[in-house]
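Since the structure comes first, as structure tokens, the remarks are kept for the end.
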Number of protein chains: 2
Amino acid sequence: MPALLPEIDLDARDCQSCPIRHRAVCARCEADELEHLEQIKYYRTYEAGQPVVWAGDKLDFVASVVSGVATLSQTMEDGRTQMVGLLLPSDFLGRPGRSTASYDVTAVSNVTLCCFRRKPFEEMIRSTPHVAQRLLEMTLDELDAAREWMLVLGRKTAREKIASLLAIIARREALLNLDPGRSVTRMELPLTRESMADYLGLTIETVSRQISALRRDGVIVLEGKRTVQIPDFDRLLNETGDDMDGGVLI
Amino acid sequence: MPALLPEIDLDARDCQSCPIRHRAVCARCEADELEHLEQIKYYRTYEAGQPVVWAGDKLDFVASVVSGVATLSQTMEDGRTQMVGLLLPSDFLGRPGRSTASYDVTAVSNVTLCCFRRKPFEEMIRSTPHVAQRLLEMTLDELDAAREWMLVLGRKTAREKIASLLAIIARREALLNLDPGRSVTRMELPLTRESMADYLGLTIETVSRQISALRRDGVIVLEGKRTVQIPDFDRLLNETGDDMDGGVLI
DNA sequence: GGCATGCTTTGATCCAAATCAATGCTGTAG
DNA sequence: CTACAGCATTGATTTGGATCAAAGCATGCC
């Protein structure tokens, strides 16, 4: 079945009505700066499961994720792979100053990117402080997230890893939906078991077993394989091994 | 014994003769910008083993490491700790826009920092594109390093982890010494076994065993506990599990 | 319907690294 | 000199997660 593609109208190129206008790399731009960005931008869409780019390939744009979920991952020669980033709406893809992709990028759901041609975008970083500042801020946030993840990968048990992943997805979901609370009670997992395993440095069997265990213990309630209910968010946080009240720096 | 502290003269505050002048956050500054930086900078030194700051504490400066080695680490309530960064000379410490430390920072050797008062430095980021650009570049490099490390933590065996750590230290050492080749054959480990374990997500026993194994197999030669000779750098790279010719991006 | 195909779950077994436990080495203090 | 403190090494045993293996369960196709 051909995926029912973009939910947003690709011809509605008006940044003003863009769902990520105030969180993406363009967040700080003034009207005139936005106009400049509009001139170098174009949209691309990818179907769920499709590769966006492979590590080492030429990538002559940078982009904001408008909708959908993509993953960044690294693969060793023998096939072991580790996911190193999860790109949700408003996240930035690509590295200014580098013309090839550093990681494999895969669309895990249908994805819409707002792409900027690399050269003019790099020029804009030099000329438009609002873009450079926002990009620095976003990069620092990603660095914090990567370091938080290093703790997960290096020191947490399988059960804590699963709980941490669910907590992170729930938090980001809540943020996107502009939920008032810190969490949602029901969410759709954007990842397959295999992606979860690659993110957590586990095998799919272990992921499956630990999810079953959390379900048995009443920490989560499954509705089908992809939808998760979290009856008590604090209970879940407790399972992550983190301080109850912190976890995410910010 | 009171440590024989700074090797550089703290009164020689001239940026022009600074050993990290062309690699630190100030690398791109023009003479006049450097003068501005000089006005907001001061030096601090820490003895080996001393904490620089604890996570959550107030930190009203950002800084460049001038000499020595410091670590960034996170600790869980039950004591499990994970190192999330290694600060070598020219590396940047602190996050503009944040007034508290996100991680525990510890001097593992005698360390000299070139500190900038936070407020004026933040102002400079806004007013001096050369500083903001360099900081963005350095942050992107750190993000790449953190992601490379995620692969190490999530997917590599203990032996591969040790080899990866040695390779990274050797590479950075070579860079600092401006060695022509890609590697040095002899180096001083800046870390104790415990720090290595915290970096690699292992126990000290496993670190010790794997180092012994690499020695037995002739991959490394130990001179005392802290000095390592690498007779064949490609052999070591082979043990990391990475592509022989890549490993580090860029 | 019947039958692949692709995910997911569950069970049995194995093994790499953790844990528990000495012992060794080096430098400092008495 | 001995004693002690603080790493580091090595050995014995345990264990959490990997691996190997077999179903289970949708979904789509013939």
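Each chain gets a letter, A, B and so on, in the order the sequences are listed, and its residues count up from 1.
Rounded to a whole Å, the CZ atom of B/R159 is 13 Å from the P atom of C/dA16. Atom NZ in B/K161 sits roughly 14 Å away from atom P in C/dA16 (whole-Å rounding). Rounded to whole Å, the distance from CG on B/D198 to P on C/dA18 is 12 Å. D/dA18 atom P lies 13 Å from atom CZ of A/R80, rounded to whole Å. Atom-to-atom, CZ of B/R155 to P of D/dT19 comes out at 9 Å; the value is rounded to the nearest Å. One can place CD of B/Q210 at 10 Å from P of C/dA16, the figure rounded to the nearest angstrom. The distance between atom CZ of B/R226 and atom C1' of D/dA8, rounded to the nearest whole Å, is 11 Å. Spacing between atom CD1 of B/I211 and atom P of D/dC7 amounts to 16 Å, rounded to whole angstrom units.
Across all strands shown, A/G224 has no heavy atoms under 4.0 Å from either base or sugar-phosphate atoms. Nucleic acid contact for A/L202: sugar-phosphate only, since backbone atoms but no base atoms lie under 4.0 Å from a heavy atom of the residue. Residue B/S208 is in base contact, counting any heavy-atom pair closer than 4.0 Å across all strands shown. In this structure, B/G49 reaches neither bases nor backbone, as no heavy-atom distance under 4.0 Å exists between it and the strands shown.
Nearest to the side-chain atoms of A/A158 among the listed nucleotides C/dT10, D/dG17, C/dT8 stands D/dG17. For B/S212, whose side chain is taken as the heavy atoms from C-beta onward, the closest listed nucleotide among D/dT9, D/dG17, C/dT9 is D/dT9. Distances were taken from every side-chain heavy atom of B/T203 (C-beta onward) to each of C/dT8, C/dT19, D/dG17; the shortest belongs to C/dT19. With C/dT9, D/dA18, D/dT9 as the choices, the nucleotide that has an atom nearest any side-chain atom of B/R193 turns out to be D/dT9.
Listed pair A/T206 / D/dA18 meets the phosphate criterion, a side-chain N or O lying under 4.0 Å from OP1 or OP2. At D/dT9, none of the side-chain N or O atoms of B/R209 fall inside 4.0 Å of OP1 or OP2 (strictly under the cut-off).
Under the 3.5 Å distance criterion, the side-chain polar atoms of A/S208 are left unmatched by any main-chain donor or acceptor of A/E205. B/S109 places a side-chain N or O within 3.5 Å of a backbone atom of B/V69 that can act as its donor or acceptor partner.
When the shell of 6.0 Å around CD of A/E194 is examined, it contains 12 or fewer heavy atoms from other residues, nucleotides or ligands.
Using a 30° and 60° split on the angle between ring planes, A/Y199 and A/W149 fall in the parallel class, below 30°.
A side-chain hydrogen bond (donor to acceptor under 3.5 Å, both in side chains) with B/R155 is found for one member of A/D78, A/T81, A/T75, A/D198 and no other, namely A/D198.
For A/R215 against C/dT10, no side-chain N or O and base N or O form a donor-acceptor pair under 3.5 Å.
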